[in-house]
Undergrad: 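Just dropping this structure here.
We name chains A, B, ... by the order of the sequence lines, and we start the count at 1 in each one. Hydrogens, waters and symmetry mates play no part in the numbers below; they use all other heavy atoms, side chains included.
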Amino acid sequence: MRNTFADPRSSLVEPVLSWFDDACRPLPWRSPDVTPWGILVSEFMCQQTQVDRVIPRWHLWLDRWPSPADLAGADVADAIRLWDRLGYPRRAKWLHESAVIIRDEHGGQVPTATESLRALPGVGEYTAAAVQAFAFGLPSVVLDTNVRRVIARTLNGQAQPRSHVTNAERAQAAALLEHDRPAEWSAAVMEFGALICRAAQPACDGCPVARMCRWRTDGYPAPEFEIRRQAAFAGSDRQARGRIMSLLRAADGPITPSAIESAWHDAPQIARALDGLVKDALIEQTPPGDFRLRSTAEGQPAQSAQIDH
DNA sequence: AACTCGGGGCC
DNA sequence: GGCCCAGAGTT
């Protein structure tokens, strides 16, 4: 007789969906009146940033730019300012560029087709699938770090997934969509990975699928390979970039190079960071040689650029 | 396939 | 101090 756990749709999907129906967090972008744009913004913000840090920033962003056209008409410098300390400010720039494309090429509506979504800067495999599932209810293979970890543990008996997505994972994830609640499953399994099947200290006590989890029944085998350790943040180029962006976000006008250098201990490092930020088109140099956030606004400052009645 | 890219929460 | 986080783009 076959293992009753042979079909993960009954052993994994059903329990996790039931768990989710009761335990899911009331995240603001799960509210029924949220637009696809609101979902897209949430996905950009949640890339490599914890949900709890995103929530207040998501509210501020949608209050200010409730539609793609609203953001598309704004100065990218203001987008970077409102992004504030969420990290990876290129995401704010990409979101602004995506808004322009949505306004100009999609009639102001977030597209649903995979090719159209992937053509938006900052929208990769995960984000495109997430928008399809969470904004449009479509069955799509949503593979974020949570889903990958749940599959690795429960189905494959591995402590953690590999460093990059494999086709085998995609096939496993696709098989888990073969029921009548595919989009809800994608949300449920992400939530399950975030709250129960956590990377550190998984909550196996009270886990609804503890009995079928291969990692658990195999005795929690150690990871099969080392995860590449990320470099220390203190004193890093990334921190130097962040310091510059912090100064420029807070400034009303351009800042002199000497003012920027005085805010960092390593002159060559800050010079490299400035060069990189200019190359990334996050900042720009004014004719006198001062630095400011790159602006896409034309002509005069916002006050003079207001519409005249 | 390996790098780079913020910043903070948590242990 | 290290680890992790609803990843994506570049080389």
Side-chain angles (χ1 to χ4, degrees), chain A residues 20 24-25 27-30 38-58 80 83-95 97-98 117-135 140-151 159-166 169 173 183 185-195 197-202 223 225-249 269 272-273 275-277 279-283:
Chain A
F20 181 72
C24 73
R25 294 169 291 183
L27 302 182
W29 44 87
R30 287 182 180 151
I39 300 296
L40 183 65
V41 172
S42 79
E43 294 302 339
F44 265 83
M45 289 185 170
C46 285
Q47 290 170 5
Q48 294 293 287
T49 303
Q50 292 91 332
V51 165
D52 289 341
R53 281 211 296 144
V54 165
I55 292 173
R57 194 59 39 186
W58 182 85
I80 290 171
W83 196 262
D84 198 46
R85 297 189 167 194
L86 273 187
Y88 295 144
R90 58 180 59 172
R91 290 184 294 169
K93 173 175 172 286
W94 284 335
L95 186 49
E97 292 169 1
S98 290
L117 286 167
R118 290 296 301 272
L120 303 175
V123 175
E125 178 176 355
Y126 161 77
T127 300
V131 168
Q132 289 174 324
F134 307 142
S140 61
V141 179
V142 179
L143 271 177
D144 81 322
T145 186
N146 292 302
V147 181
R148 299 188 62 218
R149 185 173 56 252
V150 171
I151 289 175
Q160 58 194 15
R162 297 187 174 277
S163 57
H164 64 280
V165 178
T166 65
E169 275 181 296
W185 158 252
S186 293
V189 66
M190 284 175 63
E191 190 83 337
F192 177 73
L195 298 184
C197 198
R198 301 179 295 235
Q201 301 177 346
F225 46 88
E226 295 298 322
I227 289 291
R228 188 168 51 84
R229 195 170 68 80
Q230 80 176 19
F233 182 63
S236 66
D237 288 359
R238 299 162 76 161
Q239 188 180 31
R241 283 172 61 107
R243 179 71 180 144
I244 295 167
M245 293 301 290
S246 176
L247 288 172
L248 296 186
R249 281 196 308 266
Q269 189 177 37
R272 288 198 307 273
D275 187 60
L277 288 168
K279 280 186 167 58
D280 291 345
L282 288 168
I283 70 174

Undergrad: Just to confirm, is there a sub-4.0 Å distance from OP1 or OP2 of dC5(C) to any side-chain nitrogen or oxygen of Arg149(A)?
TA: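 Answer yes for this pair, as a side-chain N or O of Arg149(A) is under 4.0 Å from OP1 or OP2.
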Undergrad: When rounded to the nearest 0.5 angstrom, what is the spacing between CZ in Arg198(A) and CZ in Arg149(A)?
TA: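 With rounding to 0.5 Å, CZ (Arg198(A)) is 9.5 Å from CZ (Arg149(A)).
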Undergrad: Nearest-Å distance, CE (Met245(A)) to P (dG7(B))?
TA: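 Distance, rounded to whole Å: 8 Å.
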Undergrad: Whole angstrom is fine here: how far is it from CG in Leu282(A) over to P in dT10(C)?
TA: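 After rounding, the gap between these two atoms is 13 Å.
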Undergrad: Touch check for Gln230(A), heavy atoms < 4.0 angstrom, all strands: base, sugar-phosphate only, or nothing?
TA: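 The residue Gln230(A) makes base contact.
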Undergrad: Let me know the distance between CD of Gln269(A) and C1' of dC5(B), rounded to the nearest Å.
TA: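 The distance from CD of Gln269(A) to C1' of dC5(B) comes to 14 Å, rounded to the nearest Å.
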Undergrad: To the nearest 0.5 angstrom, please state how far the CD1 atom of Ile39(A) sits from the CH2 atom of Trp29(A).
TA: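 If we round to the nearest 0.5 Å, Ile39(A):CD1 and Trp29(A):CH2 are 9.0 Å apart.
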Undergrad: Could you tell me whether Arg148(A) contacts a base, only the sugar-phosphate backbone, or nothing, with contacts defined as non-hydrogen atoms closer than 4.0 Å?
TA: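 Contact class for Arg148(A): none.
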Undergrad: Using the closest heavy atom to pick a nucleotide of DNA chain C for each, name whichever of Ala200(A) or Trp94(A) lands nearer the 5' end.
TA: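 So the residue in question is Ala200(A).
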Undergrad: Please classify the nucleic acid contact of Gly124(A) as base, sugar-phosphate, or nothing, using heavy-atom distances under 4.0 Å.
TA: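 The residue Gly124(A) makes sugar-phosphate contact but no base contact.
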Undergrad: Rounded to whole Å, how long is the line connecting atom CZ of Arg198(A) with atom P of dC3(C)?
TA: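 Taking atom P of dC3(C) as the reference, CZ of Arg198(A) is at 18 Å.
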Undergrad: Rounding to an integer number of angstrom, what distance separates dA6(C) and dC10(B) when you compare their P atoms?
TA: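 These two P atoms come out 12 Å apart once rounded.
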Undergrad: How is Val123(A) classified with respect to the nucleic acid when contacts are heavy atoms under 4.0 Å: base, sugar-phosphate, or nothing?
TA: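 Sugar-phosphate only.
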Undergrad: Out of curiosity, Leu40(A) CG to Ser98(A) OG, how far, rounded to the nearest 0.5 Å?
TA: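 Leu40(A) atom CG to Ser98(A) atom OG measures 6.5 Å (nearest 0.5 Å).
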Undergrad: Look at the side chain of Arg30(A) and the backbone N and O of Arg25(A), then say whether any donor-acceptor pair between them is shorter than 3.5 Å.
TA: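 Yes.
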Undergrad: Looking across every strand, which nucleic acid part, if any, lies under 4.0 Å from Leu143(A) by heavy atom: base, sugar-phosphate, or nothing?
TA: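 It contacts nothing in the nucleic acid.
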Undergrad: By nearest heavy atom, map Gly87(A) and Gln201(A) onto DNA chain B; which one lands nearer the 5' end?
TA: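 The residue mapped nearer the 5' terminus is Gly87(A).
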Undergrad: Applying a 4.0 Å non-hydrogen cut-off, can you work out what Arg53(A) is touching in the nucleic acid: base, sugar-phosphate, or nothing?
TA: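 It contacts base atoms.
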Undergrad: Show your working on side-chain contact (heavy atoms from CB on, under 4.5 Å) between Arg241(A) and Asp280(A) and close with a plain yes or no.
TA: CA-CA 11 Å; Arg241(A) 283 172 61 107; Asp280(A) 291 345; 3.0 Å; yes
Undergrad: Describe the nucleic acid contact of Ala199(A) in one word from base, sugar-phosphate, nothing, applying a heavy-atom distance below 4.0 Å.
TA: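 Contact class for Ala199(A): sugar-phosphate only.
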Undergrad: Reckon Gln50(A) has a side-chain N or O less than 4.0 Å from the OP1 or OP2 of dC5(C)?
TA: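 Answer no for this pair, as no side-chain N or O of Gln50(A) is under 4.0 Å from OP1 or OP2.
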Undergrad: Base, sugar-phosphate alone, or nothing: which one does Trp29(A) contact when heavy atoms must sit under 4.0 Å apart?
TA: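 Base, at least one base atom sits under 4.0 Å.
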Undergrad: Using whole Å, report how far CG of Leu86(A) lies from C1' of dC5(B).
TA: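 After rounding, the reported distance stands at 14 Å.
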Undergrad: Is Arg238(A) close enough to dT4(B) that one of its side-chain N or O atoms is under 4.0 Å from OP1 or OP2 there?
TA: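 Checking dT4(B) against Arg238(A), no side-chain N or O comes under 4.0 Å of OP1 or OP2.
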Undergrad: In whole angstrom, give the distance that lies between atom CD of Gln47(A) and atom P of dG7(C).
TA: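 Going from CD in Gln47(A) over to P in dG7(C) covers 7 Å.
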Undergrad: NA contact type, Thr127(A), heavy-atom cut-off 4.0 Å: base, sugar-phosphate, or nothing?
TA: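 Since only primed, P, OP1 and OP2 atoms lie under 4.0 Å of Thr127(A), the category is sugar-phosphate.
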Undergrad: In whole angstroms, how far is the P atom of dG9(B) from the CZ atom of Phe233(A)?
TA: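 Rounded to whole Å, this separation is 13 Å.
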Undergrad: Rounded to whole angstrom, note down the P distance from dG6(B) over to dT11(C).
TA: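 So the two P atoms sit 15 Å from each other.
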Undergrad: Quick one: does Arg241(A) reach the base of dG6(B) with a side-chain donor-acceptor pair under 3.5 Å?
TA: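 Side chain to base: no pair below 3.5 Å.
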Undergrad: Mind checking if Arg30(A) touches a base, just sugar-phosphate, or nothing, with heavy atoms under 4.0 Å?
TA: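 The residue Arg30(A) makes base contact.
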Undergrad: If you measure only the distance, is there a donor-acceptor pair under 3.5 Å linking the side chains of Gln47(A) and Tyr126(A)?
TA: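 Side chains of Gln47(A) and Tyr126(A): no pair found under 3.5 Å.
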Undergrad: Just checking, is any N or O donor in the side chain of Arg118(A) or Thr127(A) under 3.5 Å from an acceptor N or O on the other one?
TA: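 Short answer, no.
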Undergrad: Between Leu195(A) (CG) and dG9(B) (C1'), how many Å, whole number?
TA: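 The distance from CG of Leu195(A) to C1' of dG9(B) comes to 15 Å, rounded to the nearest Å.
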Undergrad: Measure distances between side-chain N and O atoms of Thr49(A) and base N and O atoms of dG7(B), and say whether any donor-acceptor pair falls under 3.5 Å.
TA: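 Per atom types, no contact qualifies.
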